[in-house]
Asks: 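Below is one structure. I have some questions about it.
Numbered from 1 within each chain, the chains take letters A, B, ... in sequence-line order. Both backbone and side-chain heavy atoms feed into the values below; hydrogens, waters and symmetry mates do not.
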Amino acid sequence: MKTGQKKEQRERSKSKPQTERDLIHLGDLRFGTELLKRGFASMQKGGVIMDVVNAEQAKIAEEAGAVAVMSLERVPSDIRKMGGVARMADPEKVAEIIEAVSIPVMGKVRIGHFVEAQVLEVLGVDMIDESEVLTPADEQYHIDKKQFKVPFVCGARNLGEALRRINEGAAMIRTKGEAGTGNVVEAVRHMRTIMGEIRMLRGLDQQEMADYAREIEAPAELVIECAERGRLPVVNFSAGGIATPSDAAMMMQLGADGVFVGSGIFKSQSPERMAKAIVEAVNHFDDPKVLAKVSTGLGDAMPGLDVHLLRDDEVLQTRGR
Amino acid sequence: MDANIGVLALQGNVSEHIDAFLLALERTGHGASSEVFEVRSPADLADCMALSIPGGESTTISRLIDKNDLYEPIQQFKGGIFATCAGMVLMATEVADPRIHPLGLMDMTVDRNAFGRQCESFEIDLPVAGLTGGPFHAVFIRAPVVTRAGPSLTVLARLQKGIVALEKGRHMALSFHPELGDDTRLHERFLKINGI
């Protein structure tokens, strides 16, 4: 009670107008609304969001034209190698990255781990990725994302997963792909699946749509909204296996609003050049001449993995349905 | 009358700006063959009566303006520019960030992310000078403010942190995102000052 009153007092004194001429009282402001969350996600469109593990990498990403960076302890390919439980990054690391760049900083938390999310929110990250790349903390429930002021992005393999996450409050969806493999095949599969399911909705009447919503275990009103708009109600990025400028451009041509690149940049031979090339490839995703130019002389891309050879327990995309 | 409006489509909230201008043109009785299209190269600019620079990440957009040889063509563009959020940052003469190469089209100093990080982003009903029909519901997302505006600029709205809406001749710069709602009064006003 006492701390609540104190907080209120603090907020009141903060919201006091400084001069007579100020017309607006800060008390009239509204924070953490759905519009602000989805609006933030929308500003990332046409952009590349890059995984970084320290301030130095974050600066390279910003310099190359990334729209945001994803701070994490280890990039996905290293998480695969290390094994064990993968958790939220050390707050010190996140703070160091926030300090280093002026572009938005995102952070990953384990599926269902709402306390890791609370921690990242107070650290000041601009978006939280509730990610299958980390070891899930809850096999039943995802985070109730509507309880947070900070927006969330979540992975999805199909329309049902995407709409369940949006219903929980996700402001952005990304394909799961198969992170840390440098193999784009799963990201392609997931993007084609989601886009195909949305196209298919257009041929359904109301009853069929309600039936389909039950089948994919998604709220009917979100299914209807997708059908009406011909797209998801939030932006849809691609992630999980993008390793080259052509991979990124392909995902854009398949309908992605932007891309996440995880291990693909800092596990390549020349991260600076790869980062710049992928930014330009996303900008000119439909111009093969530019793509040829930016893909030239980049050195080796990250080493890739055949997803068919992964053991069941090495597959990340099946986490968090 | 038919109008052609370009939206700089390098990165950011492009489709929302296109939709908002289409709606504004429809509401102001423009012909059905009016067009709002993406501007990605200098050649696209030639057909525009006015240009919109959308919100997005200003460091990214600035870099891509240079990369796509659009810096001088935009500086020399004859029509008005409707600049929101990142667009406002780019219109300035001064930005305290070496990664931004501002266009210098409006004599002002801009402070990026002036309100803080995403959790400090907010919505507010904002009184805008000369706008009839009540305050404008403004959505500020990691928004910039103008900390110094030269005498050639007209201030339309301000908050405690600084100026958040201004005009100069045919240009309009806003810290917030009118394209995220369906209130097109500011778009309509921009069309009017551009004789469209």
Asks: Counting only heavy atoms closer than 4.5 Å, note whether B/Ser15 contacts chain A via side chain, backbone, both or neither.
Replies: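 Answer is both: backbone and side chain atoms of B/Ser15 are under 4.5 Å from chain A.
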Asks: State yes or no: are the ring centers of B/Phe82 and B/Phe21 separated by less than 6.0 Å?
Replies: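 They qualify: ring centres under 6.0 Å apart.
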Asks: Using non-hydrogen atoms only, which part of B/Leu10 is less than 4.5 Å away from chain A: side chain, backbone, both, or neither?
Replies: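 B/Leu10 touches chain A through backbone and side-chain heavy atoms alike.
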Asks: Checking B/Thr59 against chain A: side chain, backbone, both or neither under 4.5 Å from a heavy atom?
Replies: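 The side chain, not the backbone.
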Asks: Among the options B/Pro135, B/Ser62, B/Cys119, B/Pro54, pick out the one with the most heavy-atom pairs lying under 4.5 Å from chain A.
Replies: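 Looking at each of B/Pro135, B/Ser62, B/Cys119, B/Pro54 in turn, B/Cys119 comes out on top.
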Asks: Hey, are B/Ser121 and B/Arg142 close enough side-chain-wise for a donor-acceptor pair under 3.5 Å?
Replies: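 B/Arg142 vs B/Ser121: no donor-acceptor pair found between side chains.
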Asks: With a 4.5 Å cut-off on heavy-atom pairs, point out which of B/Leu180, B/Thr60, B/Asp97 contacts chain A the most.
Replies: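 Ranked by heavy-atom pairs under 4.5 Å with chain A, first place is B/Thr60.
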Asks: Could you have a look at B/Gly12, B/Ser58, B/Ala9 and say which one has the most heavy-atom pairs with chain A under 4.5 angstrom?
Replies: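 So the answer, after comparing B/Gly12, B/Ser58, B/Ala9, is B/Gly12.
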Asks: Between A/Asp144 and A/Gln147, is any side-chain donor less than 3.5 angstrom from a side-chain acceptor?
Replies: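 On atom types as modelled, these side chains qualify, holding a pair under 3.5 Å.
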Asks: Between B/Asp66 and B/His101, do the side chains contain an N or O donor and an N or O acceptor separated by less than 3.5 Å?
Replies: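 There is such a pair between these side chains.
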Asks: For residues B/Glu123 and A/Thr33, is any side-chain donor paired with an opposing acceptor at under 3.5 Å?
Replies: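 Yes, a side-chain donor-acceptor pair sits under 3.5 Å.
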Asks: Please look at A/Ala68 and chain B and tell me whether the side chain, the backbone, both or neither of the residue comes under 4.5 angstrom of a heavy atom of that chain.
Replies: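 For A/Ala68, there is no contact with chain B at all, as no heavy atom is under 4.5 Å.
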Asks: Hey, are A/Glu225 and A/Arg229 close enough for a salt bridge, meaning a charged N less than 4.0 Å from a carboxylate O?
Replies: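 Salt bridge present between A/Glu225 and A/Arg229.
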Asks: With the threshold set at 4.0 Å, does a side-chain nitrogen-carboxylate oxygen contact exist between B/Arg99 and A/Glu62?
Replies: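 Salt bridge present between B/Arg99 and A/Glu62.
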Asks: Among A/Gly258, A/Gly124, A/Gly47, A/Ala66, which has the most heavy-atom pairs under 4.5 Å with chain B?
Replies: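 Highest number of pairs under 4.5 Å: A/Gly124.
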Asks: Can you say whether A/Val235 sits under 4.5 Å from chain B via the side chain, the backbone, both, or neither, judging by heavy atoms?
Replies: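 The answer is neither part of A/Val235.
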Asks: Decide, yes or no, whether a salt bridge links A/Glu168 with A/Arg165 under the criterion of side-chain N to carboxylate O below 4.0 Å.
Replies: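 Looking at A/Arg165 together with A/Glu168, the answer is yes, because their closest N to O distance falls below 4.0 Å.
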Asks: With respect to chain B, which residue among A/Val48, A/Val282, A/Val290, A/Ile98 yields the maximal number of heavy-atom pairs within a distance under 4.5 Å?
Replies: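 Between A/Val48, A/Val282, A/Val290, A/Ile98, the count favours A/Ile98.
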Asks: Heavy-atom pairs under 4.5 Å with chain A: which of B/Asn113, B/Leu64, B/Asn13, B/Asn68 has the most?
Replies: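 Answer, by heavy-atom pair count under 4.5 Å with chain A: B/Asn13.
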Asks: Heavy-atom pairs under 4.5 Å with chain A are the metric here; pick the option from B/Val139, B/Ile141, B/Ile61 that has the most.
Replies: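 Of the options given, most contacts go to B/Ile141.
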